[in-house]
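One structure is given here, and the rest of the page talks about it.
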Amino acid sequence: MTDARSSKGAPKDEVAELARRRGYLGQAFEIYGAAAGFYDYGPLGAGLKRRVENQWRDFYMREGFYEIETTSVVPRSVFEASGHLESFTDPTVACTRCKNFFRVAEDLDVGKRCPDCGGVLEAAGEINLMFQTRIGVPKAGSEENTKSEAYLRPETAQGIFLNFQRLLRFNRDKLPFGIIQIGKAYRNEISPRQSLIRLREFTLAEVEVFVAPREKNSHPEFEAVADRKLRLVPASSNTNYELGIENYEEKSVGEAVRSGIIANEYLGYHIAKVDEFLEGLGITRAKLRFRQHRRDEMAHYATDCWDAEFLSDRYGWMEIVGVADRGDYDLNAHASSSNTDMSVRTEQGKIIPHVIEPSYGIDRIFYALLESAYYKEQVGKENRQVLKLKIELAPIRAAVFPLLNKAELKEKAREVFQNLRDASIFVEYDGSGSIGRRYRRQDEIGTPYCITIDYETLEDDAVTIRERDTMKQVRVPIAEVEKILA
RNA sequence: GCGUCGAUGGUCUAGAGGCAUGACUUAGGCCUUCCAAGCCUAAAGCCCGGGUUCAAAUCCCGGUCGACGCACCA
C-alpha cells in the first residue's frame with residue numbers, strides 16, 4: 001500500500017487532519033462530490049482568516065495606505081488592456097493518436113510529433129485560465145456579445161489601476177501613495193492541488209504603491225528597515241526551483257540594495273515589510289526565503305519580482321507573497337486602451353508612476369501559519385497537540401470551565417463566561433468530560449487561556465488561569481481576568 | 001490535462017463476493033478538587049452512477065475527489 005494510504009497516516013498530514021476535524025477547513029460542495037480547487041473555511045478557520053486579514057489591514061494602514069474595494073466581475077476590455085486575456089489564453093495541441101493535450105511550445109505545435117507516443121499533433125483550441133461570464137443578457141449574434149463579455153478577476157490589482165485618477169485626486173495629486181485591497185480572485189487552474197496551495201477561488205491581499213520613477217531609489221523610511229536580515233536567492237544563482245533551505249545568501253536589505261541584488265530602495269523596503277509582517281504573524285522565520293524570479297518565469301507585467309517562499313513540511317517550497325516591480329506597465333496599458341490620461345504632474349513635468357506591488361496569498365499564508373503553529377509533545381502517557389497561535393490570532397481567546405460537573409460551580413462558571421462575552425472577549429464554555437480533556441481540546445484549536453472555576457472561587461472570587469504553551473497555572477481575582485486576557 | 005495509486009462512521013482503520021471490525025471522537029449519566037483516567041448507555045460508515053451475480057463495500061466499466069509524477073501555475 002502506497003501513496004494516499006501511507007501518506008494519510010504520516011506525521012506531516014496531522015496539520016491538515018486537525019484543520020478538517022476541528023472546524024478550520026473543509027472541501028467545498030462535499031455533499032455533491034466536491035470540485036477540485038475550492039475550500040470552505042469553517043467556524044474556526046473563518047475566525048483565524050479574518051484575524052490575519054485584519055492584522056494585514058492594520059499593518060499597511062500604519063504605512064498610511066488606504067483600503068479600497070473593487071469588483072470581482074470585470075469587463076473583457078480591461079483584460080484586453082492589461083494583457084491578461086492574451087497571456088492567460090494558451091493555444092493547445094492534441095495528439096491524434098493518444099489524445100494527450102499539450103500547451104503549444106517550440107517542439108509542441110501543429111504537425112510536430114507527440115512526445116508520449118509519436119503521433120501527429122493537431123490544433124485543439126485554446127485554454128483560458130480566467131472564468132468567463134456575461135454582463136446582462138447578450139443578443140444572439142450581435143455586437144453586444146463581445147460587449148457583454150466579462151471575466152472574474154484573476155488578481156485584485158486591476159481594480160486599483162482602474163481607479164488611479166480618482167485615487168490620485170484623493171491624494172491631492174501627490175506621489176508617492178499606496179492603496180490596499182483584500183478580495184477574492186479566481187483562476188481556473190488546469191490542475192488545482194494541495195489543499196489551500198492552488199485554489200481556483202482564493203483571497204488576495206494586494207498593495208499597490210505608486211511612485212515617481214526617479215524616486216524609486218530614495219524611500220524616506222528606508223533606514224528603518226535597512227538592517228533587517230533576509231535570506232535571498234537572486235535570479236543569478238536561481239537555476240533550480242527546488243533549491244535546498246541552505247541555498248541562500250543572508251544579507252541585510254541595505255546591503256542587498258547597495259550591491260544591486262535588489263534593484264531599488266522601494267522594492268527593498270517592501271520586501272522587508274513583507275518579512276516583518278510574516279514574522280509578526282508567527283510564520284516560522286527559519287523556513288522563509290525570498291527568491292527572485294528568473295526572466296523566463298516573470299509575469300508579463302513585471303520588470304522584477306521577488307517571492308516570499310515558505311518551506312512546508314508537507315508540500316516543499318511554496319510562494320506565499322510576491323513582490324513585483326510592475327514598472328509603468330499597467331498605467332500605460334490602461335492609458336492608451338481607454339484613452340485616459342494617467343500621468344501625474346510633477347516639478348519634472350508629466351510622468352507615469354511606477355508600481356511596486358506586494359501581493360499576499362492569504363490562503364497560503366493561512367496554511368503556512370497552521371504549519372508554523374502546530375506542534376506535538378508527550379505529556380505523561382498522552383500526546384498533546386497544540387496550535388501555538390499568537391493570542392491576537394486565536395479564534396477563541398479563552399475557555400471557561402467549571403472544575404467539576406456540579407451545579408454551584410457550573411453556575412459560577414456561566415456567570416464568568418457571560419461577563420467576558422459581554423466585555424466583547426470571545427470565550428467558550430465547556431463543562432463536559434474531565435478537566436484534562438477540556439484543556440487538550442482547547443490546546444488543539446489554539447485557545448491561549450483556560451479559566452477554571454473551583455470551590456475556592458465561591459469563597460474568594462479568584463479563578464485559575466491556565467496558559468496553553470507552558471501549561472502553567474496562576475490564581476487571579478475574577479476582577480483582573482479581563483485585563484489579563486485583553 | 002495525461003499517467004500511477006487510492007477512497008469504509010466526524011477521525012484513524014479491519015474486512016477482498018454472503019450479519020461491516022475495532023479504536024478514538026461525540027452525546028447523556030455515574031464517579032472525579034486541575035492536564036485526553038475509569039464505569040454505564042447511546043449516536044454515527046462502505047464516494048457517485050451503471051454493469052456482472054441468487055447475492056457487490058468487495059469483481060467490471062464510467063465519473064468525482066485525493067496523493068504522487070509529467071505538464072501548468074501569467
Side-chain angles (χ1 to χ4, degrees), chain A residues 1-10 12-14 16-18 20-23 26-38 79 82-90 92 94-95 98-103 105 108 114-117 124 127-130 154-155 187-195 197-200 241 293 296-302 305 307 314-315 318-319 322 324 361 379-385 401-406 409 432-444 450-457 463-466 468 471-473 475:
Chain A
M1 266 204 306
T2 54
D3 306 321
R5 265 299 159 82
S6 59
S7 71
K8 230 174 167 181
K12 51 188 177 181
D13 271 289
E14 284 171 11
E17 192 264 317
L18 189 152
R20 251 179 292 134
R21 188 161 45 80
R22 297 311 303 267
Q27 258 215 300
F29 327 119
E30 200 169 40
I31 65 169
Y32 285 105
F38 295 93
F79 296 120
S82 71
H84 284 89
L85 205 61
E86 194 183 356
S87 73
F88 256 71
T89 308
D90 294 322
T92 60
C95 173
C98 71
K99 306 298 178 197
N100 275 356
F101 276 84
F102 305 96
R103 187 177 182 229
L108 295 169
C114 170
D116 291 351
C117 74
I127 48 170
N128 191 323
L129 263 19
M130 288 193 291
E155 58 171 16
R187 295 176 196 180
N188 204 357
E189 295 281 356
I190 295 167
S191 62
R193 237 172 233 196
Q194 302 168 329
S195 74
I197 313 307
R198 282 175 69 184
L199 296 172
R200 285 178 164 142
Y241 186 79
H293 279 203
D296 60 332
E297 59 178 326
M298 210 112 72
H300 65 276
Y301 51 69
C305 186
D307 284 347
R314 185 73 184 80
Y315 300 117
M318 63 195 216
E319 175 196 352
V379 178
K381 287 187 202 135
E382 302 288 342
N383 271 327
R384 189 173 87 109
Q385 289 180 292
F401 307 147
L403 179 59
L404 297 171
N405 193 19
K406 298 291 179 200
L409 294 182
S432 77
S434 72
I435 188 82
R437 177 184 300 272
R438 285 176 263 159
Y439 285 148
R440 292 291 188 274
R441 268 187 203 140
Q442 297 302 327
D443 289 341
E444 216 176 41
C450 294
I451 299 164
T452 303
I453 278 72
D454 56 25
Y455 283 111
E456 275 177 62
T457 308
V463 296
T464 304
I465 298 186
R466 177 262 198 189
R468 177 193 64 202
M471 296 193 288
K472 293 233 168 69
Q473 304 183 348
R475 191 84 187 164

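Chain letters run A, B, ... following the sequence lines, proteins first, then strands; residues in each count from 1.
Across all strands shown, the partner of B:C68 is B:G3, judged by Watson-Crick or G-U wobble contacts whose two distances both fall under 3.5 Å. Pairing partner, B:A16: none, since no Watson-Crick or wobble contact has both distances short of 3.5 Å. B:C59 is paired with B:G51 under the Watson-Crick or G-U wobble criterion, all donor-acceptor distances under 3.5 Å. In this structure, B:C24 and B:G10 make a Watson-Crick or G-U wobble pair, each of the two defining distances being under 3.5 angstrom.
Residues forming a side chain to side chain contact (heavy atoms under 4.5 Å, CB included) with A:Arg198 (at least two apart in sequence, or on another chain): A:Glu189, A:Ser191, A:Arg364. In this view, A:Asp443 and A:Arg384, A:Arg466 satisfy the side chain to side chain donor-acceptor pair (under 3.5 Å) rule, not counting sequence neighbours. Qualifying salt bridge (Lys or Arg N to Asp or Glu O under 4.0 Å) partners for A:Arg441, counting only residues two or more places apart in sequence or in other chains: A:Asp430. Residues forming a ring pair (Phe, Tyr, Trp, His ring centres under 6.0 Å) with A:Phe79 (at least two apart in sequence, or on another chain): A:His84. A search for side chain to side chain contact (heavy atoms under 4.5 Å, CB included) contacts involving A:Gln385 returns A:Glu14, A:Leu18, A:Arg21, A:Tyr374, A:Lys376, A:Glu444, not counting sequence neighbours. Not counting sequence neighbours, the partners of A:Tyr455 by the side chain to side chain contact (heavy atoms under 4.5 Å, CB included) test are A:Leu404, A:Lys406, A:Glu408, A:Leu409, A:Leu458. Applying the side chain to side chain contact (heavy atoms under 4.5 Å, CB included) criterion to A:Asp454, with sequence neighbours excluded, gives A:Leu403, A:Glu456, A:Thr457, A:Thr464, A:Arg475.
For the atom pair OH (A:Tyr315) and OG (A:Ser195), the distance works out to 3.5 Å, reported to the nearest 0.5 Å.
Side chain of A:Val379, nearest nucleotide from B:C35, B:C73, B:C68: B:C35. The side chain of A:Arg21 sits closest to B:U11 out of B:U11, B:U33, B:C65. Listed nucleotides B:A37, B:C34, B:U32 differ in distance to A:Arg475; the shortest reach to its side chain belongs to B:C34. Which of B:C68, B:A37, B:C34 sits closest to the side chain of A:Ile435 comes down to B:C34. Considering only side-chain atoms of A:Leu404, the nucleotide from B:C72, B:C34, B:U33 that sits closest is B:U33. Picking from B:C72, B:G66, B:C34 the nucleotide with the shortest atom distance to the side chain of A:Gln27 gives B:G66. The nucleotide whose nearest atom lies closest to any side-chain atom of A:Ala36 is, among B:A67, B:A36, B:G66, B:G66.
Residues A:Met471 and A:Val379 are in side-chain contact: their nearest non-hydrogen atoms beyond the backbone lie under 4.5 Å apart.
Judged by distance alone, with hydrogens and angles left aside, the side-chain atoms of A:Arg187 form no donor-acceptor pair with the main-chain N or O of A:Leu129 at under 3.5 Å.
The phosphate of B:C72 has neither OP1 nor OP2 within less than 4.0 Å of any side-chain N or O from A:Ser191.
As judged by a 4.0 angstrom heavy-atom cut-off over every strand, A:Ala302 is placed among residues making no nucleic acid contact. Using a 4.0 Å heavy-atom cutoff across all strands shown, A:Asp443 reaches no nucleic acid atom at all. Looking at heavy-atom distances under 4.0 Å, A:Ser82 makes no contact with the nucleic acid at all. Using a 4.0 Å heavy-atom cutoff across all strands shown, A:Arg466 reaches at least one base atom of the nucleic acid.
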Write down the protein N/O and nucleotide N/O pairs, taken from nucleotides 42-50 of chain B, whose separation is under 3.5 Å; answer none if there are no such pairs.
none

Scan nucleotides 24-27 of chain B against the protein and return all N/O pairs shorter than 3.5 Å with their distances rounded to 0.1 Å.
residue, atom, partner, partner atom, Å
B:U25, OP1, A:Arg437, NH1, 2.8
B:U26, OP1, A:Arg441, NE, 2.8
B:U26, OP1, A:Arg441, NH2, 2.8
B:U26, OP2, A:Arg437, NH1, 3.2

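A donor-acceptor contact under 3.5 Å is formed by the side chain of A:Arg193 with the base of B:G69. Judged by atom type and distance alone, A:Gln473 reaches the base of B:C34 through a side-chain donor-acceptor pair under 3.5 Å.
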